[in-house]
Amino acid sequence: MVGTVVQLGVVTLVAGIGMAMVRIVRGPEVADRVLAADVLSLEVVGLVILLAVDQQRSLSLDAALLVAIVGFASTLAFAQFIGVTRSGSEPPDDRTGS
């Protein structure tokens, strides 16, 4: 029973990964690509968790946590970049020493 649910989940997540990859490539806006990359990182986390359940390995959950943290941090960084770009102002220069 658990094996069937895991297999169905893996197939569903792989389909979602394919759709997210299409959105990353086609765009049309930078924000669409950033959201698709965030969804992609969450789907990879889900895939790693399902494979950890299937293989009964708790070590893989650490890898899933790491991917989730990196995905969240990159989404925040891109959101800040998009906000600065749309406001028309230059990002602050850290080399000024202020």
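In what follows, every heavy atom counts, from backbone to side chain, and hydrogens, waters and symmetry copies are set aside. A quick note: this is a predicted structure, and the numbers were derived from the prediction, not measured. Just so you know, residue 1 is the first one in the sequence shown, and it goes up from there.
What you find for R33 and R23 is that their closest heavy atoms are CG-O, 4.1 Å. The heavy-atom pair separating M21 from L40 by the smallest distance is SD-CD2, 3.8 Å. Contact record, V48 with A64: CG1-CB, 3.8 Å, taken as the closest heavy-atom pair. In this structure, A36 and I24 approach most closely via the heavy-atom pair CB-CG1, 3.5 Å.
In this structure, L59 is not a member of the same hydrophobic cluster as V6, with clusters built from ILVMFWY side-chain heavy atoms closer than 4.5 Å. Linking Ile, Leu, Val, Met, Phe, Trp and Tyr whenever their side-chain heavy atoms come within less than 4.5 Å puts V10 and I17 in one cluster.
Distance check: L66 CG to L61 CG gives 12.5 Å after rounding to the nearest 0.5 Å. We find the OG1-CD distance between T85 and Q80 to be 10.0 Å, quoted to the nearest 0.5 Å. Summarising the geometry, atom OG belonging to S74 is positioned 12.0 Å from atom CD1 belonging to I69; distances are rounded to the nearest 0.5 Å.
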Could you pull out all donor-acceptor pairs under 3.5 Å where a side-chain atom in residues 49-58 meets a protein atom, sequence neighbours excluded?
none

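Each of L47, L42, V44 was evaluated against V67; a single residue qualifies, V44, per the side chain to side chain contact (heavy atoms under 4.5 Å, CB included) test.
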